[in-house]
Amino acid sequence: MRPEVLNSLFRPVDALTGVGPRIAKSIESLAGERVVNLLWHLPSGLIDRRYAPKVAEARPGVVATITVHVDKHQPPHNPRQPYKVYCSDDTGTLALVFFHARPDYLKRKLPEGETRVVSGTLERFGKETQITHPDHIGTPQEISRLQAVEPVYPLTAGLSLKVLGKAIRGALDAAPEFAEWLDPAYLSGQAWKPWREALAEAHAPQSEDALEPMAPARQRLACDELLANQLALSLVRLNMRRLAGRSIEGDGTLGDKVRAALPFALTASQEGALAEIVADTKDTSRMLRLVQGDVGSGKTVVALLAMLNAVEAGHQAALMAPTDILARQHMTTIEPLAAAAGVSVALLTGRDKGKARQGALEGLASGATSLAVGTHALFQDDVAFHDLALAVVDEQHRFGVHQRLVLAAKGRAVDVLVMTATPIPRTLMLTAYGDMDVSRITEKPPGRRPVDTRVLPLPRLGEVVAAVRRAVAADNGVYWVCPLVEESETLDAAAAEERHAHLSDILGGSVGLVHGRMKGADKDRVMADFAAGAVKVLVATTVIEVGVDVPDATVMVIEHAERFGLAQLHQLRGRIGRGDKPSTCLLLYAPPLTATARARLDILRETDDGFRIAEEDLRLRGAGELLGTRQSGLPEFHLADLAVHGELLAAARDDARLILERDPDLETTRGRALRTLLDLFERDTAVKYLRSG
Ligand code: ADP
Ligand code: MG
């Protein structure tokens, strides 16, 4: 239940005066559907109306507010001409110009013989000074109430600044005063104002400086938002800690059998990560650990050995992948290795139905099957485990861990291990995962050759096709990735189909196609053919971006590389260079490229270090777009900008930790205020974890 003080802010926007259904729609698409969303819609500019010159002194091209005597209306001779109203002061004449004017309205606003104040951008034509469509016209009294400096907001079609500005003022009026949730010493150290004052100030910038993210009012609001984020994550984590864990201690027998069956030895990094995981599971508190390792760093074996550790102790373990293809790929890797240790594995995806599924369910329920690999289908209601002790979640580049933590906290007393291939910069790590334990696999398995990466304009497609032809002649596999087209899988598929037809014409029958609109079984068949070498060129949408492992593939072509996130391009590139042959990644772009886009693609040419790539991308583009995918699951910030507010985030993290150490159920006065903060930023799932409501 949301506290009552917040009700006024959580009404739909059409509850505000002046906002009808049509305007509400525009506001929803721009800012959000509730009044509170308007509070977070901060100005992007300002109009300074403090410049109040005499007519003769007025500078053209500048917004000016001028007091004049209304001399004479001059209606147009024909409808294409403007309506003019001549005014003057003691220094000169000012013409007000109106197209498509309504004369009676103008007569009322600008009665001849009276004094009026007008505000707008001045123009000078020859000798004539004029303002076309003044922004404001009023009596001197009316104008004195006008904000001397007006905020300018980002707009959308169908929404004028006047209308939006009014709605936002309405939202600000609806904002209550809250008890202070920031630490008083910190607040005064920063010389920040109370929340409501800071909010009002952020919406009433008096200078360009006030629009900067480091302006005090904006910093305060960003700090609030980050604190809500960090506190919510810490609460989820604290809650997991409270649930008793159990000590799981394998004896290494199964793991040793798998190690003996592997054609390689683990890298020191893999061993290090595994040791940390094993130590965590042995500990009696619940494990919540993130394994971060670049594509190809070998996370799968680490996961398998961790799972076998649980099996050795008599329990079950499950590995959850984000897509069907990836779940199957994991199954292909894991099943023979597990078999070498005499351990059975069940596969459960949305596509496994009927008898096979029934058999898998029975094995897991009875405990006859020790390991499960699957998609989110693993967590459906009818899936019961005999004794699940460890859940490994392979996130790849998709976040969403927050939801899954919630899911894990729902009941199953399982240790949770999250694997991610996204080289998430430290700042983003904190916002997505909070203060989670992290193991990093920093080494790549030995013998990997760096991928030769080139950036080419699309008109040089001919050269690219020639390179593909050479690779095919040498019996190597080629990935050809077509870009995401807006949010539409249908359009993606169409682009991929077209490219498939084109390449088939040139290269004949060895070109395959996979995209999101195909049936699962068809996708599997094409992927299997590609892995087996029957299909040489795989035209695909980004469905192949995660996890697929075909060591014979040596060429990766990515069309419209400029539309992808760098992390995503890095992931895709990680699909090649897995064997011992030299490989090439060709990034095709549609010219012209902006300087930033060029710089981004160049980073990929320069380095293969996923962390550096992510940091640079964050610097160049900001967090929102970092992953280049819309459903990244990363928390969205309205007020905080992680590229500049990194220090505030660190402070928020420390503060959240301290708060919960002293007041784990948020029951002190400040604790109560913090509950309101969580609600204000819609982190209500976290509020649920508090022991007393
Ligand atoms: P990712 O971290 O991207 O999930 P994978 O687990 O898919 O990486 O491993 C990539 C490839 O590297 C696989 O073919 C795997 O068998 C191989 N591999 C894993 N560890 C090692 C190692 N220590 N030495 C050599 N090859 C390894
Ligand atoms: Mg993997």
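Atoms considered below: every heavy atom in the structure, side chains included; atoms not considered: hydrogens, waters and symmetry mates. Counting convention: from 1, in listed order, for ligands and their atoms alike.
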Short side-chain donor-acceptor distance under 3.5 Å, [Y] and [X]:
X: R246; Y: T284; value: no
X: R454; Y: T584; value: no
X: T420; Y: Q292; value: no

Nitrogen or oxygen of [X] less than 3.5 angstrom from that of ligand 1:
X: A265; answer: yes
X: G293; answer: no
X: P446; answer: no

Below 4.0 Å, non-hydrogen atoms only: which portion of [X] touches ligand 1? Side chain, backbone, both or neither.
X: Q270; value: side chain
X: P551; value: neither
X: L266; value: backbone

Minimum distance, heavy atoms only, to atom 25 (C) of ligand 1: which one of P263, G298, P445 is it?
P445
Nearest neighbour of atom 7 (O) of ligand 1 from the list L337, T300, V291, on a heavy-atom basis:
T300
S297 heavy atoms within 4.0 Å reach ligand 1 at atoms 2 (O), 8 (O)
For T267, counting its heavy atoms only, list the atoms of ligand 1 lying under 4.0 Å from any of them.
23 (N)
Cationic N near anionic O, under 4.0 Å, D475 to K536:
yes
Ionic contact status for D602 with R600, cut-off 4.0 Å:
no
With a 4.5 Å limit on heavy-atom distance, are the side chains of H330 and L304 in contact?
no
Could you tell me whether a side-chain N or O of R469 sits under 3.5 Å from a main-chain N or O of L507, the two making a donor and an acceptor?
no
